[in-house]
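These numbers come from a predicted model, not from an experiment. Remember, it's 1-based here, ligands and their atoms both numbered in the order they're listed.
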Amino acid sequence: MLFDTIAAISTPRGEGGIGIIRISGDKSFEILERIFNTKNPNRDLGFYKFNYGFIHDNGKIVDEVMAVRMKAPKTYTCEDVVEINCHGGHLISEKVLELVLKNGARHAEQGEFTKRAFMNGRIDLSQAEAVMDIIHGKTEKSISLSLEQLRGDLRDKIASFKKALLDVTAHVNVVLDYPEEGIDDPLPSNLRENLENVYAEADRLISSYDKGKKIKEGIKTVIAGKPNVGKSTLLNSLLKEERAIVTHIPGTTRDVIEEIINIKGIPLVLTDTAGIRKTEDIVENIGVEKSKKFIENADLVLLVLDASRELESEDREVIEEIQNHNKKTIVLLNKIDLERKIELEEFNLENILEISAKDNIGIEDMEERIYSYIVEENVEDSSEKLIITNIRHKTALEKTKDAIRNIFETIDAGMPMDLISVDLKEALDSLSEITGEISSEDILDHVFGNFCVGK
Ligand code: GDP
């Protein structure tokens, strides 16, 4: 397939050591020739090797660079590719890009390099999506899931589903084409078994989506407790411990802060509520309602209690709120550096840990506990089993599952075989949407529109 030649700055905007201009298309080498000089004009630039030299605009030097040529089809896009490593200032990268554009390239759109890799058949759509997930990956765990997808694990799984469906299609066609043969078994048992396996596997993948989403987007965790028990101190100590803070989301109200931290490769979206308490204050009331809402929507609650004081009604209120919602909770008895006064017998609390947020005691144990909770509940066996993280894949698999269910119903009701052809096609088409063999402009725009320019 032949497209025009595109170019973009592939490194982030801003100042840095180097800025990389990427060019892809059949004019790439020609463009480089026009704007790049090596010291020795007779030097063969070769392929996949760096060449030291200068970018010039009609003889006037623009920058000192390293340039590399890569020959189709062994490149990211499957087309001829040139990469120019210039100095990392934004202005200089822009200048080199401008020159490349002036000499015959078009500015690439978002994700257009990856789109070409897809259009030219080097990767399927699920792999292109994995590239984007890797770029946006927040922790090692989410990136390792994306890498599996990039490696083609999902693509291979979908291919195996399609094979089972195509085998059934072939059988149905024989039955329809040669009715006189009197094939009375509508679906031989091995074909039926394969189809049942596809159904079960699709079902498992669909239900893995929630886990995948949590790994990708984070476990919604709320630090709850009445005022002054040490919630902010705990949050700070977690943030200090975990160097890999990925984002800071400014609170939407004056009393809610959200931070993403990384517990052994799994992102935790932490909400620090300003405390749940009854108050006449209208603004505070909004805060209270919000806090309760956070508990309601949380995947995990870190309940902080002050061990140096007896339980108070405000503590009871928070505990009741958590128990009403039956939330997975880790109870943190804070301030154990002080004399212990708290008694918890009246509540049936499990999962209790003693900590001192101020002196950093018990924080590591707490992280262990959080991690094992997350792993037990959410990512069991994830190293062996494929997990999907993309809503588009989930929707397509649901359509596949529905179509297969229809097929079984049609067969079991003894209906004519041509009726299942429609559902077979529907199931196959839905699977093809995942890999992109069938794709509308809308889907492609959606997938590649989320990319950065230059990827
Ligand atoms: P929040 O209102 O729940 O966010 O509580 P803060 O984090 O602001 O803490 C309230 C007070 O308790 C502060 O003076 C903290 O220094 C203190 N504090 C927090 N954690 C500990 C702890 O583990 N031991 C002791 N002795 N004091 C603590």
Q | Partners passing side chain to side chain contact (heavy atoms under 4.5 Å, CB included) against K74 (at least two apart in sequence or in another chain) | A |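 Once residues adjacent in sequence are excluded, the partners of K74 under the side chain to side chain contact (heavy atoms under 4.5 Å, CB included) criterion are Y48.
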
Q. With V198, which residues qualify under side chain to side chain contact (heavy atoms under 4.5 Å, CB included), at least two apart?
A.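 Counting only residues at least two positions away or on another chain, V198 forms a side chain to side chain contact (heavy atoms under 4.5 Å, CB included) with F161, A164, I404.
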
Q: Quick one: sort the F448 and F118 rings into parallel, tilted or perpendicular, breaks at 30° and 60°.
A: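 If you compare the ring of F448 with that of F118, the planes turn out tilted.
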
Once you restrict to heavy atoms under 4.0 Å, what part of [X] touches ligand 1? Side chain, backbone, both or neither.
X: L338; result: side chain
X: D337; result: side chain
X: N334; result: side chain

Considering distance alone, does some N or O of [X] sit under 3.5 Å from an N or O of ligand 1?
X: I355; value: no
X: G230; value: yes
X: A357; value: yes

Q) Does the cation-pi check pass for R22 over Y76, that is, NZ or CZ under 6.0 Å from the six-membered ring centre and within 45° of its axis? A)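 Judged by the rule, R22 and Y76 form a cation-pi pair.
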
Q. Evaluating non-hydrogen atoms only, which member of T233, I336, I223 is closest to atom 9 (O) of ligand 1?
A. T233

Q: Please say whether more than 12 non-hydrogen atoms of neighbouring residues, nucleotides or ligands are located less than 6.0 Å from NZ in K425.
A: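 No, because the 6.0 Å sphere around NZ of K425 holds 12 heavy atoms or fewer from other groups.
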
**Q.** N348 atom CG, neighbour heavy-atom count above 12 within 6.0 Å
**A.** no

**Q.** K231 neighbourhood, listing ligand 1 atoms whose heavy-atom distance to it stays under 4.0 Å
**A.** 1 (P), 2 (O), 3 (O), 4 (O), 5 (O), 7 (O)

(Q) Quick check on contacts: which atoms of ligand 1 are under 4.0 angstrom from a heavy atom of S356? (A) 22 (C), 23 (O), 24 (N)

Q. Is there side-chain contact between D402 and R405, with at least one heavy-atom pair below 4.5 Å?
A.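 They are in contact (side-chain heavy atoms under 4.5 Å apart), so the answer is yes.
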
